[in-house]
Number of protein chains: 2
Amino acid sequence: MARSGGTRVRLGAGAEFDLIRALIGDAEPGPGVRVGPGDDCAVLEPSAAPWAITVDMSIEGVHFRRAWLTPEEIGWRAAAVALSDLAAIAAEPVAILLALALTDEDKRSGTAVALERGAAAAADAVGASIVGGDVTRTPGPLTIDVVALGRVPRPLLRSGARPGDELWVTGRLGAAGAAVAAWERAGTPAGPLRRAFAHPVPRVREALWLAETGAVHALVDLSDGLAGDAGHIAAASGCRMVVSAPAVPVAPGVAAAAGSEAEALRLALSAGDDYELCLAAEPGALGPVAADFEARFGIPLTRIGTVTAGEGVVLDRGDGSPPEPLAGGFTHFGGVGA
Amino acid sequence: MARSGGTRVRLGAGAEFDLIRALIGDAEPGPGVRVGPGDDCAVLEPSAAPWAITVDMSIEGVHFRRAWLTPEEIGWRAAAVALSDLAAIAAEPVAILLALALTDEDKRSGTAVALERGAAAAADAVGASIVGGDVTRTPGPLTIDVVALGRVPRPLLRSGARPGDELWVTGRLGAAGAAVAAWERAGTPAGPLRRAFAHPVPRVREALWLAETGAVHALVDLSDGLAGDAGHIAAASGCRMVVSAPAVPVAPGVAAAAGSEAEALRLALSAGDDYELCLAAEPGALGPVAADFEARFGIPLTRIGTVTAGEGVVLDRGDGSPPEPLAGGFTHFGGVGA
């Protein structure tokens, strides 16, 4: 990653600072960063664009289990979840801060360095760097808090959808939920399902490309499940989201893992943790460019429904039955952005 | 507090969003804030100045105990600690984000709303507002993570001290440490000592005023104790800090609570949690304005020593004995800024 001429700060003596030194290494601050880790604050260069900022807390036993993920995957996932919130407003990531609450065993075992390495890799993959953080002791559970900051010339909020818009999603849904379901049955998820949960890819470049089209009226990322997150657009925009069941792009392997097409659809609609994007767009605007999108990013852009007058999210099964209201999303009581 | 015309976002249905609604209320975004709580990110207006950003994690049983503080005080203190990091670089606070990990009992009992009220009061006291956050479930301990952002036209880092500089502190030291010592002896701290721990006041206006003098070469806040935090200036600047014991401004009531002048000095040097400022300044520059400072802010500005060539922090007892190395600061393994 390119390095600017920003400031590195030397730390005082002590075990805590030894750990912080191990975490931050000797890296020069990344682009856009005037002061990196080690002072009282990080300092970011001014930007002509507004700043987007979000914070996401990941807690062992609530958002992940150690038996499911390596420490490096836990760090990647915690950072990717925060960076996905930047994608969800069409921001260009610049920096993350990493606050870790570690047990004494974690401090001895090098867990912190692996967590940091995973978070740094997730940041680097979208052009950002770690600029600061905090390290503290906890009796447990392991807690990781990631702050993500980016420049956002044209924020795409949840509130811009209007009746007549088309509803679209990126990628394919349900794989992370199928992995969690397998683990909870004491099984072992297939590799691609496991990877969807352990290594989500924040759709940053995809969001910036979509914003460039000028056709996106409302944008959200899928952290709580399509039903819940489309519900955020519905509530913020004062509209109804009508999702067409046959159009929902279920990830490969989900039906086999879940045991039926119906259960696969349920996971795709409500299991959460996909970190794909859901958007309301100008009618007719994205259809002609969906193939370009897929060629460029290697994931599909799929129309899954329509925005109408009304409220909430309903599912149209396409079999002539009346649309049914979709219940809310993932209920771990977490994962809500800024 | 003045309100701008920023965006409020409506949230979807569900218990989690009911709680977030209770937390964020119907407030309009504060000045400098384009999008407040409720979307995937908060959005801050561009600034010609660089941005300072810091994150501080506060954990029950490590940084505070519920038996010591009310939920509102826990919220104030968590936010004040993060805002003190902004003061420590001479930034003007704009916004905080509040991430809460709550037990089921906390969710039922209204603890979250009290925590938020305390944090919002601390932010409001320095001209900032809550722009976002996260709410998640935890089996315990209660965990509060505060992100603070501010504009910093001229960052005052830890690294600018040079031999010949004078070492100064704001306020009086040791009161918070004496309160903790009293609680740990199962006693009850006197009101002013308790208040120093429960209700620290980030020295934001004081830092901006000191930065205006142009005489401050290095600045830090006292979170880990004078010995440890002056040690950060020493390490970052490549100098030695010589602290004159008789000059250290010990807070009233500390000696009585601690049982001796010697123990009071020990608390003032190493107990932490004072959230005063420590600075290295141009020789002769602050002496003439120290009375102005005290008249304006109601707290003293005290010269406590000198910066010399060398390294580390030493204590000069002023009795002709050789200077003694000061051990590190507070060892709770936390409280380190960005």
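Sequence lines set the chain letters: A, B, ... in the order given, protein chains first and strands last, and positions in each chain run from 1. Any value given below was found using the heavy atoms of this structure, including those in side chains, with hydrogens, waters and symmetry copies removed.
For the atom pair A/I59 CD1 and B/R137 CZ, the distance stands at 9.0 Å (nearest 0.5 Å). Note that CG of A/L219 is 9.0 Å distant from CG of B/D39, once rounded to the nearest 0.5 Å.
For the pair A/L97/B/I53, a side-chain contact is recorded, criterion being any heavy-atom separation below 4.5 Å from C-beta on. Using a 4.5 Å cut-off on side-chain heavy atoms (C-beta onward), A/D40 and B/T54 make no contact. Contact annotation: the side chain of A/S47 never approaches that of B/P46 to less than 4.5 Å [non-hydrogen atoms, C-beta and beyond]. A 4.5 Å side-chain heavy-atom check between A/L86 and B/C41 finds at least one atom pair inside the cut-off.
Interface check for chain B: of the options A/I89, A/I233, A/L98, the most heavy-atom pairs under 4.5 Å are formed by A/I89. Interface check for chain A: of the options B/L44, B/D221, B/V152, the most heavy-atom pairs under 4.5 Å are formed by B/L44.
Residue contact with chain A, scored on non-hydrogen atoms closer than 4.5 Å, involves the backbone and the side chain of B/P141 alike. For a residue to count as touching a neighbouring chain, one of its non-hydrogen atoms must lie under 4.5 Å from one of that chain's; by this rule B/V220 touches chain A with backbone and side chain alike. The part of B/A48 that comes within reach of chain A is its backbone (N, CA, C, O), which places non-hydrogen atoms under 4.5 angstrom from that chain. Interface remark: B/L149 contributes side-chain atoms only to the contact with chain A (heavy atom separation under 4.5 Å). The contact between B/T143 and chain A is made by backbone and side chain atoms together, counting heavy-atom distances below 4.5 Å. Looking at B/V43, the atoms closer than 4.5 Å to chain A (heavy atoms on both sides) sit in the backbone and in the side chain alike. Residue contact with chain A, scored on non-hydrogen atoms closer than 4.5 Å, involves the backbone and the side chain of B/A52 alike.
At most 12 non-hydrogen atoms from other residues, nucleotides or ligands lie less than 6.0 angstrom from CD of B/E311.
Shortest non-hydrogen contact noted between A/M57 and B/D134 is N-OD2, 2.8 Å.
Side-chain atoms of A/R158 come within 3.5 Å of backbone N or O of B/G38 as a donor-acceptor pair.
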